[in-house]
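For clarity, every value in this text was computed on a predicted model and none was experimentally measured. Each chain gets a letter, A, B and so on, in the order the sequences are listed, and its residues count up from 1.
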Amino acid sequence: MAAAGPSVFLLMVNGQVESAQFPEYDELYCKYCFVYGQDWAPTAGLEEGISQITSKSQDVRRALVWNFPIDVTFKSTNPYGWPQIVLSVYGPDVFGNDVVRGYGAVHVPFSPGRHKRTIPMFVPESTSKLQKFTSWFMGRRPEYTDPKVVAQGEGREVTRVRSQGFVTLLFNVVTKDMRKLGYDTGPPDTQRASGPSPPQGLPQ
Amino acid sequence: MSYPVPTYKKLPENVQPRFLEDEGLYIGARPEVPRACQNIMENRLLTQEPGRKWFGDDGRILALPNPTKGFPSRPPMLTREQDIKAELETLYKKAVKYVHRSQHMIGSGDPPGNFQLDIDISGLIFTHHPCFSREHVLAAKLAQLYDQYLARHQRNKAKFLTDKLQALRNAVQTGLNPAKPHKSLDTTQKAINEYKSEIRQTRKLRDAEQEKDRTLLKTIIKVWKEMKSLREFQRFTNTPLKLVLRKEKVDQKADEEAFEAEIQAEISELLEEHMEEYDQKMEGYRAAYQQWKAWKKAQRAKKKKKKQAVEEHPHGEVEQPCPGEEPVKPVPPEPTDRALVEQQVRERAARSRRRPGEPTLVPELSLAGSISPNEQCPRAEVLRREDVKRRSVYLKVIFNDKEVSRTDSRPLGADFRVHFGQIFNLQIFNWPESLTLQVYETVGHSGTTLLAEVFLPVPETTVVTGRAPIEEVEFSSNQHVTLDHEGVGSGVPFSFEADGSNQLVLMTSGKVSNSVSWAIGENGIPLIPPLSEQNIGFRSALKRADAISSIGTSGLTDLKKLAKWAAESRLDPNDPNNAPLMQLISVATSGESYVPEFFRLEQLQQEFNFVSDEELNRSKRFRLLCLRSQEVPEFRNYKQIPAYDREIMEKVFQDYEKRLRDRNVIETKDHIDTHRAIVAKYLQQVRESVINRFLIAKHHFLLSDLIVEEEVPNISILGLSLFKLAEQKRPLRPRRKGRKKVTAQTLSDGDIKVLVNVIRAYDIPVRKPTASKFQQPARSSRTFSEKRAASPTTRSPTHSADYPLGQVLVRPFVEVSFQRTMCHTTTAEGPNPSWNEELELPFRAPNGDYSTASLQSVKDDVFINIFDEVLYDVLEDDRERGRGIHTRIERHWLGSVKIPFSTIYFQAKIDGTFKIDIPPVLLGYSKERSLILERGFDAARSLSAGSYITLFITIEPQLVPGESVREKFDSQEDEKLLQATEKFQTECALKFPHRQCLTTVTDISGKTVFVTRYLKPLSPPQELLDAHPNDPQATAELVARYVSLIPFLPDTVSFAGICDLWSTSDQFLDLLAGDEEEHAVLLCNYFLSLGKKAWLMMGSAIPEGAWYTERNTRLGSHEAWGPTAYVLTREQSHYLIWNPCTGHFYGQFDTFCPLKSVGCLIGPDNIWFNTQRYDSPLRINFDVTKPKLWKSFFSRSLPYPGLSSVQPEELIYQCTDKAAAAELQDRIEKILKEKIMDWRPRHLTRWNRYCTSALRHFLPVLERSRGEDAEDDHRAELLKQLGDYRFSGFPLHMPYSELKPLTEAVYSTGVHNIDVPNVEFALAVYIHPYPKNVLSVWIYVASLIRNR
């Protein structure tokens, strides 16, 4: 098999859910999970996790820091269905009910290296003013049936959402054998041998 | 201080406040200032500065609109805020080439070439310069005129036109005297007319040219004369110009003749022309005259009439003649006078042509003249000459608005010529945008002035160095220069005349002679950058522009129109500019053109295909990916498609291809019976089409599919929840909370478990003592329990005395099997055991697909088998007793309950007491009815003659059952009827929301049909009617049995819970599969034809296979009852309720009737909805004529319209082939025997032929008696035949559909599990054929152990 070349490529992602900016909320925790296509399979690490509850920092940044590690390795035969990380942030409302504060998703970066991503977060909106009030009152905000919905496009047209805040993620991506399988995702400057730059001078 | 200021104080006196807003003017929002502050301010302003300028017309302080914005305009700070060190981080950015103007940039991806543009600047000539003297001005003019003359002379247009005229005249001459008679007169005439018109035009052109030539010559001579006079006047010469006029002699006579001939020809032509004109005018005149005459006549007639009218009606109104309509009498045209024409021609000739005999003048300009030296010139002239010497000129070369180089500075010569002779090689990188030369003049050591800019054209790509001609490009400047010497200056008026009239204003101007070309590289390749696409496109578009505009945009699509336009406009076919157009036209006119009738959207697709389509289709990986994305069942959950084609096995596609191939091929292997194979195939196709429809519907999302949102609570719930806030967080008696439902897609293997709670059972059959024939059986063969009883005297035939109290009658346990996983309870004792155990069975969805659709189609059953555990002493030697226990456990199957998984899935939980399906003959066991009676159980239960088990089954976690597809089916019913059904249903649902009300159903083709159309008398097979000719009740039972023998196939399984499809009775009989509705419809139709009063009864019943007893209604809720269809018949005095799937019937007041509620009754001509208070059949009145109890669909207001039935006229029954049935019987037997041997891989399986044949004889008896009341005879017979065997076995009975249920049923009995060393088996199959291929299958399976 080794002679025939690899039949799968590996994608190793580690990093962390660093921090969040939710100006209005405090004491939040977040869940993450990965959504990937049928040709993908996790080989090592955790596909999902739930973080500790964090409070806002006392300095001017008012950041909510989790520093929640992510470490997972996937194998795949096909870049279709490239893994996405889906984040959902929860926290207590005024009555102490745990309600959702934001959903967000982003693809794991394609190219190897260190990447920082800031994901805008959103929550589904109530269908009417009255429902908004009652959901606020009863502490049962509208939620997605499955957080993984935010990683897919189908059926989203029936929903309305509101923006909430931002979550910053750090990814360290390592790939193996992608080049051998014909997928070139490296940064452009390492791909082409940079030749002598053409004469830019003016004619004499 | 903050009291409000009255308005009048703030306004001028006697002025009312004016509110601009009310007048409709826009007033911006004022900033929010508290009222108190405003008052303070107003007071202060009024006291400090009494002026009212601070207040507006409305009496309020003037205020600007609110300056604060409603929204932030600052961009969100994402990274900066969080990352303080962002400024310190160094980011690497690759150097980017500066792109000047991208569209003209040479493609950035191309290797940058070494392109070179050569600019050769040879010299500069001023056609006017401020330092020109008057003589210079004239000389320049002369030189210009001479150049013009030379150019004209070279072209000699007059001569060309004269020749052409001559040729045309000749052509007309030959045309008039046709030498070629074969040409039709018509065409010649046309050609001649064309020639004539051309002659006319050519003549005019020639005259104009000749006149111009003559004028030019005259002007040259005039200017030369002026110059000569100027030189004489100023007494010095500045320019070397000299004009010599050379006279060329001509032959006087010939010239005169030619002149005269020309004149004559012209005259005759003109005359002809005039004649034509005259004729035309004459024609017009005649027509006009006729008109005039007619008018006149009419006028006269009118006048006459008027006169009469006036006479007749002297006082009447007279018609007014319309003024202005009177036409003028036309004047006939005058004929042309020849003399006049001749005079005109001669005059013109004199003006424009050389007189005959006059010599031809040829001017020759030379620079042979001498210039006067400085000493001979006046001071002003010397100053001028010195000024000229001080001046020098240089050029700057500007490329794309950038100076790239400049020439050397050269002094201006006395002749105002500058020679540079320099070649500049421009190495360029960008596409040349503009190329400019700037002319600079330096005077002495003072400043430099920009005289003019010369714009050079960018050369065509074909122009390369060496082939480029030197071109002269003119330039001029608009600067004004006045000089204090002889120079005339620039932009300053001056005159040659002494009196200063006829002023001239000349501007500095000149010519640069240069050439621009592309350089050629060392290897001869021109260094030309490739043209960018846009440039070409733009140019070609420009070329085509005129053609398009001249024929209109639509013309482009019509090549014929284009060709017509081309013919009319006489395009020059040799002009390379027209080449593409000409080619197009030649194609269009040749008729070979292929004008496509279609419009292609992706005509460039081919360009982008990186492999050919065939190659793409050959790729296995691509095919796999396509199939998966199409959600083809075999590949829907295919994971990890290999990266290479070679890693994909061919066999991946085999199943799929086989299925595609087999779609029309009937596979008989699995089904044995061809007919059933066809049916299975048909059902498969229906299922596929329904599933496809379902797949499409699955991609339509509703909000509720994506978002979980609380319902808007009404006021009572709101109140309750308010109340709940005050509630204790942890009440002492917590209320049961509903389990959270789980959506199916998040599940995976092992997540779902089926929980079976086995609670208790009633009336399990008890063991019978061994027959009296063997008074002294071998010790070892006695049952363990018997041994303990150890009383041979009790073996009397009277049952009641058989077992003393306390003896174990039976030791039952329950084994639950699901998907071949087994679980069993502990063993209990006695015929009424209580287990109270929970069994957990894992559930695995097919293909690991946990989607709702897939779960709905799970066809697995949960088998609950009750066994008797029998312990046998295997001790060989009595002496060993006491030192060890040597027993063997045997399990004897007593009965089973079968519950389909789909029922559990749809109903979430199943809770109730079920009737155990006990075989008709259970050898070795008996139901101790008398015993039970004695013990005082209620009489009703003992009558039911059955054994029961109480179960609670559920799925953990609870799954959300799939919803039916939101789809509206089209219908052929009357729209009014459909509206009425909707109204009826909503009315019924309002009153009794839980009662089933059915008006329309979906037929097998997906159309909505009114339900009464399904009911129509249809006669059952004659064979059944003949069986009991005198007993209608027996006939009815037989018919019901026949119907129940048609296999049951729930719609929910076959159509994935999508919709309930009703097939007509003939379709049902053809398919030989259907659910309770089809069974009920068929049975009802049979009863109708038997003359019974019968209705279809829709209601709820215990799920199929389940059986409630009255005492368990406490546990059971409405949820556990599934909607179903029964048949109601009215006998003479009472009503009977028939279960169409089992063939059983119940009286109305039978407590064991599984039907628990009645929703509506459906007859062939009406629907009645139950509006009574109760819906249990025990408590309702079935008299449908009472409108208070039954709400009928068709009533007086909506009479029955006489709907035709969808059922066939009559059902045709083929007699089933007996031989085929016998063959099938043999094959089933063989297969089952093989199966049993397969299930016992570690043991030898022996078949007892003798017993098998005995059983085979017995099975037809069972069929005849329908499994009832045969036990005793049978036992006796068996005992007689198999005296020395211990026998345990039972017959199984079921309708035949396919092989799998049969094997499952045999497997579930566990007969094969016996592993006594010398066990023997017997298996017999009997198939009783009924008409229309309905088969009743009996399987007798038994194990025998020889008594020793």
Validation row: A:E143, B:I707 side chains within 4.5 angstrom (heavy atoms): no
Region of A:R62 that comes under 4.5 Å of a non-hydrogen atom in chain B: neither
A:S135 side chain near B:E709 side chain, heavy-atom distance below 4.5 Å: no
A:K132 portion near chain B, given a 4.5 angstrom heavy-atom threshold: neither
A:N78 vs B:R621 side-chain heavy atoms within contact, under 4.5 Å: yes
Minimum heavy-atom distance between B:A643 and A:S7, given as atom pair plus value: CB-O, 3.6 Å
Euclidean distance, A:Q152 CD relative to B:L706 CG, rounded to 0.5 Å: 7.5 Å
Portion of A:Y80 that has a non-hydrogen atom of chain B nearer than 4.5 angstrom: side chain
CG on A:L181 to OH on B:Y644, rounded to 0.5 Å: 4.0 Å
Chain B contact via A:K148 - side chain, backbone, both or neither, heavy atoms under 4.5 Å: neither
Contacting region of A:Y36 [heavy-atom separation from chain B under 4.5 Å]: neither
A:V8 side chain reached by B:Q640 side chain, heavy atoms, under 4.5 Å: yes
Residue A:Q58 excluded, over 12 heavy atoms near CD under 6.0 Å: no
Portion of B:L117 that has a non-hydrogen atom of chain A nearer than 4.5 angstrom: neither
Within 6.0 Å of CZ in A:R156, more than 12 heavy atoms from elsewhere: yes
Test side chain to side chain donor-acceptor pair (under 3.5 Å) applied to A:Y90 - qualifying residues, sequence neighbours left out: none
Separation between CZ of B:R628 and CG of A:D39, rounded to the nearest 0.5 Å: 4.0 Å
Would you tabulate the side-chain donor-acceptor contacts of residues 95-110 of chain A under 3.5 Å, counting partners in other chains and residues two or more places apart, or write 'none'?
{"unit_1": "A:D98", "atom_1": "OD2", "unit_2": "A:Y29", "atom_2": "OH", "d": "2.7"}
{"unit_1": "A:R101", "atom_1": "NH2", "unit_2": "A:P92", "atom_2": "O", "d": "3.2"}
{"unit_1": "A:Y103", "atom_1": "OH", "unit_2": "A:Y144", "atom_2": "N", "d": "3.3"}

